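Quick notes on the structure that follows.
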Amino acid sequence: MTTTKIYSLICINNSILVVFYTQAHCWQFRIINDDGAVFGEQKLYYTPLAALTAGRDWICFGG
């Protein structure tokens, strides 16, 4: 069983930034746009703040 822990949900420019933790993949982020599509990368981050920063950069600078 995989446990997922959500660290933050933030609305930025009509998108939702989700930062979460799983035991298998450490900290990650995903972007949900206003159409419901989900974007992100399989990169691993060792802190929630690193994932949050990467997610904000993804939104602001277009991934």
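Predicted model, so just to flag it, every value in this text is computed and none were measured.
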**Report entry** Partners passing ring pair (Phe, Tyr, Trp, His ring centres under 6.0 Å) against Phe39 (at least two apart in sequence or in another chain)
**Finding:** none

Query raised in the report: Side-chain contact, heavy-atom cut-off 4.5 Å: Gln28 with Gln42?
Result: yes

Enumerate, atom names and distances included, each donor-acceptor pair closer than 3.5 Å involving a side-chain atom of residues 5-22, sequence neighbours excluded.
| from | atom 1 | to | atom 2 | distance (Å) |
| --- | --- | --- | --- | --- |
| Thr22 | OG1 | His25 | N | 3.1 |

Query raised in the report: Are Cys26 and Tyr46 close enough that some pair of their side-chain heavy atoms sits under 4.5 Å apart?
Result: yes

Can you give each donor-acceptor pair under 3.5 Å made by side-chain atoms of residues 49-56, sequence neighbours left out, with the distance rounded to 0.1 Å?
| from | atom 1 | to | atom 2 | distance (Å) |
| --- | --- | --- | --- | --- |
| Thr53 | OG1 | Leu49 | O | 2.9 |

**Report entry** Within-4.5 Å side-chain heavy-atom neighbours: Phe29 and Ile31
**Finding:** yes

Query raised in the report: Say you draw a straight line from CH2 of Trp27 to OG1 of Thr47; how long is it, rounded to the nearest 0.5 Å?
Result: 8.5 Å

Query raised in the report: Okay, side chain of Asn33, backbone of Asp35: is any donor-acceptor separation there less than 3.5 Å?
Result: yes

